[in-house]
Student: 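Below: one structure in structure tokens.
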Protein chains: 2
Amino acid sequence: MMIGRLAADRIERRSGVSLWRQIADKILHAIAVGDFVENAALPPEVALAERYGVNRHTVRSAISALVQEGVLRAEQGRGTFVLSRKRLSYPIGARTRFSTGLQEQTSERHIVLLASSVEPASQRVAEGLGLAKGADVIRLETRGEADGRAVSRAAGWFEAKRFAGIDAAMAETGSITASLARFGIDDYLRQSTVLSARHADAADLADLDLQPGAIVLVTVAVNVTPDGQPIQFSESRFPAERVELKLSAL
Amino acid sequence: MMIGRLAADRIERRSGVSLWRQIADKILHAIAVGDFVENAALPPEVALAERYGVNRHTVRSAISALVQEGVLRAEQGRGTFVLSRKRLSYPIGARTRFSTGLQEQTSERHIVLLASSVEPASQRVAEGLGLAKGADVIRLETRGEADGRAVSRAAGWFEAKRFAGIDAAMAETGSITASLARFGIDDYLRQSTVLSARHADAADLADLDLQPGAIVLVTVAVNVTPDGQPIQFSESRFPAERVELKLSAL
DNA sequence: TATAGATGTCTATATCAATAGACAAATTTA
DNA sequence: TAAATTTGTCTATTGATATAGACATCTATA
């Protein structure tokens, strides 16, 4: 049998994605995988240019974008250095909680409530929560942050009748778990999670402080009480360059 | 409290991703989400141009790329029609199997063995399988296809000593489950799954028949026997435009 | 059979992306 | 201190990307 060929470090031209963007992505990937080590210097520009088969100026465009993003720092005469940390590993399982899973990887994390509103349930929200379409639901828009970096952006929907005032509780406690506890929910489980990925749109870019072209992981999930009552429908977006999802307790 | 603003259907300029590529991605997304319906006509080019705030010719570039990909069909004088099907929902859970989960969504699916080889275990493979680094492992390179479309591309590693000949079994049966059965493994469980997403690299583009700029979901997983012995370490890539991952039995 | 509405083709122009080469400026090393 | 290495800046050229407008061609419909 033949031996599978290794994936070449090559670049696609005329693809609608500029070479400098592709190379920036490769450098990000190399950092995430550990090929380029934190606090160490990247190979010099001429070496990278040869490695990727492009002009040195093209490599410089990629590097300058990553400097802009805060991933690299260039020093004239010395080299270009990796600043960025490794990706966080966000656990997803039966008892997915924001804070708990990141405890060991970060020194600080919290959830910010960006906005809240009452609205009629859309088709999918109604289905997820087992309500009639159009029933009143409360929507909470939140951002998760860890060590000063945005790591998630989520919308959560709750039945308005049952959870009236959860927006205030969330604003006060900064925790979904603590807010639900005020409504007598001491425990809840992840019933289902659907996962996809796409390019960040304009809203993601602003919310998660990303650069155009970035990728977001998207989860759509339903949380239920231990006896199976749906209590929360949510859609979360994670910046793929900063977060990987670790599916646990399967 | 303020009401969260809706994500605008807007476009990023000077991002390294050309406008036509971004619009092609948006159209793909709209199809996947059901905004543009299968077999129906897209809005006319001038309407799309206005909607996305670009020139009609830019929309035409996006459409012509998708026609090239086989997603759309343009007919002069009539309109542009959606050919592509919805995304498959690939289940991931304790008993993740390729064929079983896609049965109800597809009329035909199978796994192709592309290549196999014996190699020394890398650090992560050795860790995953609980072997010493450098121990001989068998690598199987496979592609999953459903209704004639590539839906996954995977590399699987098995301990060479214990599973000698699994490459031949795989070539013959076209099934990991059936091949493992020949070695006395009647059941196995998904122990862990780590998920990430990135832009498709050159290898992905060729293997999964994607266009540059496409996104792939990547899972790294370990399968174990019911009593916890690791038997398979795998890295799978799924084209995000064709597949979403449904995490079940959490 | 006109006419409106849709895609297809052409020309022209401005800007972005990529390559090429030369040299400056800062830092490290011999 | 001199040389080598590395990032920074500049000019120039080519091709891809995006906009703009005019008009052709095909289809469905009033």
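Scope of the values below: all heavy atoms of this structure, side chains included, with no hydrogens, waters or symmetry mates. Every chain is numbered from 1 and lettered A, B, ... according to where its sequence line falls, protein lines coming before strand lines. Just so you know, these numbers come straight off a predicted model, no measurement behind them.
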Student: Could you state the CZ-P distance from R60(A) to dA22(C), rounded to the nearest angstrom?
Tutor: 18 Å
Student: Go through the structure and list residues passing side chain to side chain donor-acceptor pair (under 3.5 Å) with E50(A), not counting sequence neighbours.
Tutor: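 Result, side chain to side chain donor-acceptor pair (under 3.5 Å) vs E50(A): none returned.
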Student: Taking only Lys NZ, Arg NE, NH1 and NH2, and the carboxylate oxygens of Asp or Glu, determine whether R198(B) and E241(A) approach each other closer than 4.0 Å.
Tutor: no
Student: Quickly, which of L42(A), V82(A), V71(A) forms a side chain to side chain contact (heavy atoms under 4.5 Å, CB included) with L66(A)? Name it, please.
Tutor: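 One option only clears the test, and that one is V71(A).
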Student: Looking at R56(B) and dG8(C), is any side-chain donor or acceptor paired with a base atom of the opposite kind under 3.5 Å?
Tutor: yes
Student: Grab the CD1-C1' distance between I63(B) and dT7(C) for me, whole Å please.
Tutor: 9 Å
Student: When you match E75(A) and V46(B) each to their closest nucleotide on DNA chain C, which lands nearer the 5' end?
Tutor: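 Checking each residue's closest nucleotide, the 5'-ward one belongs to V46(B).
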Student: To the nearest Å, give me how far apart CZ (R21(A)) and P (dA18(C)) are.
Tutor: 11 Å
Student: Round to a whole Å and report the spacing from CG of L48(B) to C1' of dA6(C).
Tutor: 12 Å
Student: Using the side chain to side chain contact (heavy atoms under 4.5 Å, CB included) criterion, which residues pair with A62(B)? Sequence neighbours excluded.
Tutor: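 A62(B): side chain to side chain contact (heavy atoms under 4.5 Å, CB included) contacts with W20(B), I23(B), A24(B).
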Student: Choosing from dT7(D), dT7(C), dT17(D), which nucleotide comes nearest the side chain of T80(B)?
Tutor: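 Shortest atom-to-atom distance from the side chain points to dT7(C).
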Student: Nearest-Å distance, CG (N55(A)) to C1' (dT11(D))?
Tutor: 14 Å
Student: Going through the distances and angles, do E119(B) and W157(B) end up as a side-chain hydrogen bond (donor to acceptor under 3.5 Å, both in side chains)?
Tutor: CA-CA 10 Å; E119(B) 61 186 28; W157(B) 287 266; 2.7 Å; yes
Student: Kindly say if S18(B) contacts the phosphate of dA16(D), meaning a side-chain N or O under 4.0 Å from OP1 or OP2.
Tutor: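 Indeed not, no polar side-chain atom of S18(B) lies that close.
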Student: How bent is the helix from dT1(C)-dA30(D) to dA30(C)-dT1(D), comparing axes over its five end pairs at each side, to the nearest 10°?
Tutor: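 The angle, to the nearest 10 degrees, is 20°.
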Student: Round to the nearest Å and state the distance from E45(A) atom CD to dA26(C) atom C1'.
Tutor: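 So the CD-C1' distance, E45(A) to dA26(C), works out to 13 Å.
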Student: Would you mind building the protein contact string for nucleotides 25-30 of chain D? One character per nucleotide, 5' to 3', B for base within reach (heavy atoms under 4.0 Å), S for sugar-phosphate only, - for untouched.
Tutor: BBSS--
Student: Can you tell whether the side chains of K133(A) and E127(A) come within less than 4.0 Å, N to carboxylate O?
Tutor: no
Student: Round to the nearest Å and state the distance from L19(A) atom CG to dT17(D) atom P.
Tutor: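 So the CG-P distance, L19(A) to dT17(D), works out to 10 Å.
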Student: Taking only residues two or more places apart in sequence or in another chain, which ones pass side chain to side chain contact (heavy atoms under 4.5 Å, CB included) with D25(A)?
Tutor: R21(A), L28(A), H199(B)
Student: What contact category does S61(A) fall into here, base, sugar-phosphate, or nothing, at under 4.0 angstrom with non-hydrogen atoms?
Tutor: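 Since no nucleic acid heavy atom lies under 4.0 Å of S61(A), the category is nothing.
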Student: Can you list the residues that meet the side chain to side chain contact (heavy atoms under 4.5 Å, CB included) rule with S196(B), with sequence neighbours excluded?
Tutor: R87(A), E244(A), V218(B)
Student: For E145(B), is there an ion pair with R153(B) - N to carboxylate O distance below 4.0 angstrom?
Tutor: no
Student: Got a donor-acceptor pair under 3.5 Å from the side chain of H57(A) to the base of dG21(C)?
Tutor: yes
Student: What's the CD-C1' distance between E50(A) and dA18(C), to the nearest Å?
Tutor: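 Result: 18 Å.
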